[in-house]
Colleague: 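Sharing a structure here in structure tokens format.
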Amino acid sequence: MNKNSSNIMALAPSTSNKRETVCIFGTGDFGRALGHKMIQSGYPVVFGSRSTQTSSLIPKGAEVLSHAEAAQKAAIIIIAIQRQHYNFLTPLAEILHGKVLVDVSNNLKINQYPESNAEYLAQLVPGAKVVKAFNTVSAWALQSGTLDASRQVFVCGDDTEAKQMVMDIVRALGLTPVDQGSLLAAQEIENYPLQLFPMWKFPILLSLGLTTFFFFYCLIRSVIYPYVYENEDFSFFLAISIPNRICPILALILLALVYLPGVLAAIIQLYRGTKYRRFPDWLDKWMLCRKQLGLVALAFASLHVLYTLVIPIRSFVRWRISSRIISQALNNKTEPLNTTNAWLSDSYLALGILGFFLFVLLGITSLPSVSNNVNWREFRFVQSKLGYLTLILCTAHTLVYGGNRFLSPSSYRWYLPNAYMLSLIVPCIVLVVKFVLIFPCLDKPLTRIRQGWERNPQYSE
Ligand code: NAP
């Protein structure tokens, strides 16, 4: 060994690979999975259990002792046991005094108990330093190594040193600790794994409601009305025609609903003359799920594109084209090309293609992997400026689709206008209000308010 290498050895800390023993109470699914991962990461693990007999399920290299014996061997004890069994810890209070107790537990319902499980544990063992961690990681993910989706571990606790010790373990396991503050945050951390797509609820329920409404609306206009008045059976419209009407309508309305809360917020700020007062709860919630609304809108727009692609091969469409040709041949009369209609049809298609292209671009930039690589100004530019351009193009696409039959009385059935006309209401309102807000007499005060200026500072909350 040369001189240099011995110097390197001397510089290396002698304890670099030595990890402190960790105790885990409970040899259930989670305790074993966490124990297995810890042993892999170089931690000596000792289990505290009601039964000290080792089984083949216990990770190799781990000891199984009684709770009292195991607790004495480590400064950190992970409580991998359900909350309802925590009272067995009370007689151990003396041994657990000064130890770091890690609460990993979850509940079956949101806010199931008045206090969080971690706070309850702190009450049961007042001398211990309780830290909440690991509850958002599943035993299966720990065991199988498929932690990509849940690499973040939320950690909270009142003792900074204890929290740091737990965060060091989290890091050593290849996970990312996220400090959530004091033990008061435990309730929120415990509720987190119980939430079911919280940001998607409103967009999905809204699209289900609108889909149902427009389905029956189109059914009445396109299937029931011709059947009643002309005895024509257009029930096959249910397969492609009606879905292909509903999808663009939903895409347009939902896209407009992405921008409507921003416009409402601007009006509220202008009215109040400050940005320092909270928006109403419903508006806050609406703003938080704009990305999800936009993605659902994109899904409907993509379906519309797919449905449109199959139009030329539909039997009904082929029959209509051939019967028109035959009727021209029988009458020996050729219809001249209607340039206005050709213009309308081409413009309608071009606007749709451009609108859809920008729609996809918006969807791509909302992906975390893309949005993380653009700065705030670039993100705002894409989501706001390109977003409004997309809304303008898609609204124009629908307006041109209506073309010259837009206000024609013959397009009304049972006084019901075409469904696409209803879809234009929200986007037109959003675009008109946005256009008004661009006027300098409104835009200037709004910009100042957003920079922190207040009309009546004494009234802000
Ligand atoms: P589990 O398989 O039912 O194991 C719980 C363990 O608690 C049992 O194996 C037992 O260990 C011990 N225990 C049961 N009754 C007891 C009692 N009366 N007194 C003392 N100890 C008792 O449950 P788990 O899935 O491992 O979950 C354990 C904790 O981790 C729970 O709080 C859960 O919310 C949390 N968690 C679980 C997961 C997961 O994916 N499973 C994910 C995150 C958090 P001994 O027989 O060794 O005493």
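Source: prediction; values computed, not measured. Counting convention: from 1, in listed order, for ligands and their atoms alike.
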Colleague: At a 4.0 Å threshold, what atoms of ligand 1 neighbour a non-hydrogen atom of V104?
Modeller: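 Every atom of ligand 1 under 4.0 Å from some heavy atom of V104: 30 (O), 35 (C), 36 (N), 44 (C).
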Colleague: Determine whether the side chain, the backbone, both or neither of F88 has a heavy atom under 4.0 Å from any heavy atom of ligand 1.
Modeller: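 For F88, the contact with ligand 1 is made by the side chain alone.
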Colleague: Which heavy atom of the protein is the closest neighbour of atom 38 (C) of ligand 1, given with residue, atom name and distance?
Modeller: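 Result for atom 38 (C) of ligand 1: F30 CD1, 3.3 Å.
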Colleague: Who's the nearest protein heavy-atom neighbour of atom 18 (N) of ligand 1, and how far?
Modeller: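 Checking every protein heavy atom, the shortest distance to atom 18 (N) of ligand 1 gives H85 ND1, 3.3 Å.
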Colleague: Closer than 4.0 angstrom, basic N to acidic O: yes or no for E63 and K73?
Modeller: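 Yes, E63 and K73 are salt-bridged.
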Colleague: Show the atoms of ligand 1 that are less than 4.0 angstrom away from any heavy atom in G26.
Modeller: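 This gives 11 (O), 47 (O) as the contact atoms.
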Colleague: Got the closest protein heavy atom to atom 23 (O) of ligand 1, with its distance?
Modeller: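 Ranking protein heavy atoms by distance from atom 23 (O) of ligand 1, first comes Q82 NE2, 3.4 Å.
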Colleague: Where is the nearest protein heavy atom to atom 45 (P) of ligand 1: which residue, which atom, and how far?
Modeller: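 Answer, as residue, atom name and distance: S49 OG, 3.4 Å.
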Colleague: Check whether NZ of the Lys or CZ of the Arg R245 lies under 6.0 Å from the centre of the six-membered ring of F237 and within 45 degrees of that ring's axis.
Modeller: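 Yes - R245 lies over the ring of F237, closer than 6.0 Å to its centre and within 45° of its axis.
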Colleague: Heavy atoms only: which of V137, I24, I81 lies closest to atom 7 (O) of ligand 1?
Modeller: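 The nearest heavy atom belongs to I81.
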Colleague: Using the six-membered ring wherever Trp is involved, compare the ring planes of F88 and H67 and label them parallel, tilted or perpendicular (cut-offs 30° and 60°).
Modeller: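 F88 vs H67 ring planes: tilted.
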Colleague: My understanding is that we take every heavy atom of each candidate and find the minimum distance to atom 29 (C) of ligand 1. Doing that for G48, S51, S138, A80, which one comes out nearest?
Modeller: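 Heavy atom nearest to atom 29 (C) of ligand 1 belongs to A80.
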Colleague: Ring-plane angle category for F236 and F234, please: parallel below 30°, perpendicular beyond 60°, tilted otherwise.
Modeller: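 Geometry flag for F234 against F236: perpendicular rings.
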Colleague: With a 3.5 Å cut-off and sequence neighbours excluded, list the donor-acceptor pairs that the side chains of residues 43-53 form with protein atoms.
Modeller:
from	atom 1	to	atom 2	distance (Å)
S49	OG	S51	N	3.1
S49	OG	S51	O	3.0
S51	OG	Q53	N	3.4

Colleague: Specify whether Y86 and Y120 have parallel, tilted or perpendicular ring planes, treating 30° as the upper limit for parallel and 60° as the lower limit for perpendicular.
Modeller: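 Ring orientation of Y86 relative to Y120: parallel.
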Colleague: So which pairs with a foot in residues 105-117 pass salt bridge (Lys or Arg N to Asp or Glu O under 4.0 Å), sequence neighbours left out?
Modeller: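 For residues 105-117, and leaving out neighbouring residues, the salt bridge (Lys or Arg N to Asp or Glu O under 4.0 Å) pairs sorted by first residue read R83-E115.
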